[in-house]
Number of protein chains: 2
Amino acid sequence: MATPSNHTQTADETIHGRGLRMTDQRRAVYDVIMGERDHPTAVEVFTRVRSKVPTISLATVYNCLDTLTGCGLVKTVAHERESARYCPNLEEHAHFFCEACKAVTDLPLRSRKKPEDVWEFPGEFAIASHEVSFSGTCPKCSAKPAKSNKR
Amino acid sequence: MATPSNHTQTADETIHGRGLRMTDQRRAVYDVIMGERDHPTAVEVFTRVRSKVPTISLATVYNCLDTLTGCGLVKTVAHERESARYCPNLEEHAHFFCEACKAVTDLPLRSRKKPEDVWEFPGEFAIASHEVSFSGTCPKCSAKPAKSNKR
DNA sequence: ATCTAAATAGGAATAATTCTTGATAAGGAC
DNA sequence: GTCCTTATCAAGAATTATTCCTATTTAGAT
């Protein structure tokens, strides 16, 4: 029982449940994503993981991210044509992308609301998933005196 | 006044309004997108436009698409990490991507509904735009006896 | 300790898009 | 109409993110 870390335990179980192994690389990638909840890109994950596992390759980071998302431990966030980002929040939520500071904020679903209530489906569509992203200016950047961004 | 075509006129005006020219290439690209409302990719547009302007290059198609979206005549549709698609529907709407037949369907906003009502914004976010995409199976594909897709 | 399949590192390959550059063309000044 | 300026174009090179390939390593089972 020697100080078991709470979430890693469950992740181990999930991975083993799929007949896969929790390797150092996978754990390090998972810990990076759980650690800073700032939606890093694969390259950002790579950079951070290197401090723990200096020999890891970018390809392995991509592999680990695939495995983790395949197991449902991490979610991929796509926004326009930018690099994919990774998110540890498994609750249903949307994302806000600040055009000024590039920060990504999670937007939880309001209680009792469903995305299907807002758009009209012309027929019997079977919804498997959805992705919602807002862009604009976040509170922090709105407050600032315009931030020398444009120009 | 000799038989003015309805939408092209407005597009011309919009483009001229920005100090740009309505060239053969731009018109051809615009007409392709307005013609078949099936959300083609840049390469698909390129292929179709070639029948009208056989010397056009893919780079020019990309340039024209940029110009048209910049003028607000066409909208870009991003879905996961796939090629961008282009859409002539300027009304606020979401998209449904059928995983079986790859068709993209426009989903109009229900009246008096707003996407902001569904997700919670933790602070004063200034929303400039949003993109919403659903994936799953469209009515046509749901009806079929499973379609030999997987496998 | 040995064996087998999974996983990794590293680099090559791919796909979509953007950039660069010299040539072409359109609209306005004269 | 001719000249000039600037926008636009075509073609291919370059870039970026991601995936693929393969020999080597490793974990877990026997």
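Here is how names work: the chains are called A, B, and so on, in the same order as the sequence lines, proteins then strands, and each is numbered from 1.
- Separating the CG atom of B:Leu20 from the P atom of C:dA26 is a distance of 16 Å, rounded to the nearest angstrom.
- The distance between atom CZ of B:Arg18 and atom C1' of D:dA7, rounded to the nearest whole Å, is 16 Å.
- Distance from the side chain of A:Ser83 is smallest to D:dA17 among C:dT8, D:dA7, D:dA17.
- Classified by interplanar angle (parallel below 30°, tilted 30° to 60°, perpendicular above 60°), the ring pair B:Phe134/B:Phe96 is parallel.
- Taking atom CG of residue B:Asn63 and atom C1' of nucleotide C:dC19, one finds them 10 Å apart after rounding to whole Å.
- Here C:dA9 presents its C1' atom at 11 Å from CG of A:Leu58, a figure rounded to the nearest Å.
- Residue B:Arg50 places its side chain closer to D:dA11 than to any other of D:dT8, D:dA11, C:dA9.
- Contact annotation: A:Thr60 reaches the phosphate of C:dA9 (side-chain N/O to OP1 or OP2, under 4.0 Å).
- Within 4.0 Å (heavy atoms only), A:Thr55 reaches sugar-phosphate atoms of the nucleic acid but no base atom.
- OP1 or OP2 of D:dT26 has not a single side-chain nitrogen or oxygen of A:Gln25 nearer than 4.0 Å.
- For B:Ala84 and B:Arg21, each mapped to the nucleotide of DNA chain C holding its nearest heavy atom, the one lying further toward the 5' end belongs to B:Ala84.
- Distance A:Tyr62 OH to C:dT14 C1': 13 Å, rounded to the nearest Å.
- At most 12 heavy atoms of other shown residues, nucleotides or ligands fall within 6.0 angstrom of atom NZ in A:Lys140.
- At whole-Å resolution of the value, NE2 in B:His16 and C1' in D:dA7 are 12 Å apart.
- Checking D:dC9, C:dT17, C:dT18 against every side-chain atom of B:Arg26, the shortest atom distance belongs to D:dC9.
- Using a 4.0 Å cut-off, some side-chain N or O of A:Thr23 falls inside it from OP1 or OP2 of C:dT8.
- Between A:Lys114 and B:Val118, every side-chain heavy-atom pair lies at or beyond the 4.5 Å cut-off.
- In this structure the side chain of A:Ile127 reaches within 4.5 angstrom of the side chain of A:Phe121, judged on heavy atoms.
- A:Ile15 and A:Tyr62 fall within the same hydrophobic cluster, where Ile, Leu, Val, Met, Phe, Trp and Tyr residues are linked whenever their side-chain heavy atoms come under 4.5 Å apart, directly or through other members.
- Rounded to whole angstrom, the span from the CD1 atom of A:Ile15 across to the P atom of D:dA27 amounts to 15 Å.
- The separation between B:Met22 atom CE and D:dA7 atom P is 18 Å, rounded to whole Å.
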